[in-house]
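Written below as structure tokens is the structure these notes are about.
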Amino acid sequence: MPIDPTLPYDDHNVFAKILRGEIPNRTVYEDEWALAFHDINPQAPTHVLVIPKGPYVSWDDFSAGASAEEIAGFVRAVGHVARSLGLVEPGYRLLANIGQHGHQEVPHLHVHLFGGKPLGPMLARFD
Ligand code: AMP
């Protein structure tokens, strides 16, 4: 079920638990600002999630409320993960779902990083 993006940050969400080490993950990269790990239900040969360490519900929340350091650290971590996985050539896709129409399911900001095969057009037709 998509989340309600107007709710405050919920410390019991699954990615908060991963950040606290309460449930396992397959870590790809970690630094002061971000954690990257394999998606549990991969939609492409490479499907990694990158999350900020801070308590942000979504991209909307993060872009409005995070510090410049947090934003720079997170964006650099996403780029670093893609490079370290060898995805820059031949290319990859970033995706962040936000709220109901975005079909966001976990209420902690995450960027999906997809690669490892040609990914096709961006979205299905909308008509
Ligand atoms: P979204 O629809 O953008 O909120 O995507 C949530 C993603 O989190 C989905 O791709 C899930 O497969 C993934 N996911 C949920 N729980 C876990 C978990 N424990 N470890 C790794 N990925 C997870």
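Start at 1 and go down the list; that is how both ligands and their atoms are numbered. Since the structure is predicted, the reported quantities are computational estimates derived from the model, not experimental observations. One-based numbering along the sequence shown.
Those atoms of ligand 1 with a heavy atom of V106 less than 4.0 angstrom away are 4 (O), 6 (C). If you number the atoms of ligand 1 from 1 as listed, the ones under 4.0 Å from a heavy atom of F37 come out as 21 (C). Atoms of ligand 1 found under 4.0 Å from any heavy atom of N97 (numbered from 1 in listed order, with element): 1 (P), 2 (O), 3 (O). Counting atoms of ligand 1 from 1 in the listed order, those under 4.0 Å from a heavy atom of Q104 are 4 (O). Interface atoms of ligand 1 facing H112, defined by a heavy-atom separation under 4.0 Å, are 1 (P), 3 (O), 5 (O), 7 (C), 10 (O).
When hydrogens are left out, the protein atom nearest atom 13 (C) of ligand 1 is D39 OD2, 3.3 Å; that is the closest non-hydrogen contact.
Relative to atom 21 (C) of ligand 1, the option among V111, N41, I40, V48 with the closest non-hydrogen atom is I40.
Under 4.0 angstrom from ligand 1, the non-hydrogen atoms of L49 all belong to its side chain. The backbone of H38, and not its side chain, has at least one atom closer than 4.0 Å to an atom of ligand 1 (non-hydrogen atoms only; backbone = N, CA, C, O). The proximity of H103 to ligand 1, defined as any non-hydrogen pair under 4.0 Å, is limited to the backbone.
The main-chain N or O of G120 is found under 3.5 Å from a side-chain atom of R93 such that the two form a donor-acceptor pair. Checked by atom type and distance alone, the side chain of E105 never pairs as donor or acceptor with a backbone atom of H103 at under 3.5 Å. Using modelled atom types, no side-chain atom of E32 and backbone atom of G73 make a donor-acceptor pair closer than 3.5 Å. Distance alone, capped at 3.5 Å, places no donor-acceptor pair between the H108 side chain and the K53 backbone.
Summarising the local packing, CD of E69 is surrounded by 12 or fewer heavy atoms from other residues, nucleotides or ligands at distances under 6.0 Å. Residue R20 places its CZ atom among more than 12 non-hydrogen atoms of other residues, nucleotides or ligands, all under 6.0 Å distant.
Between W59 and F74, the ring-plane angle classifies as tilted under the 30° and 60° cut-offs. Ring-plane geometry between H110 and F15 is classed as perpendicular, the angle between the planes exceeding 60 degrees on a 0 to 90 degree scale with a lower cut at 30.
Backbone and side-chain nitrogen or oxygen atoms of H47 are examined, and none is located within less than 3.5 angstrom of a nitrogen or oxygen of ligand 1. Below 3.5 Å of separation, one finds no N or O of F15 facing any N or O of ligand 1. When only interatomic distances are considered, the shortest N/O to N/O separation between E105 and ligand 1 falls below 3.5 Å.
Put simply, part of V14 is less than 4.0 Å from ligand 1, judged by heavy atoms. Ligand 1 lies within reach of H110, whose nearest heavy atom is under 4.0 Å from it.
Across every non-hydrogen atom of Q104 and V57, the tightest pair is NE2-O, 2.8 Å. The two atoms that bring P55 and D61 nearest to each other are O-OD2, 4.1 Å, heavy atoms only.
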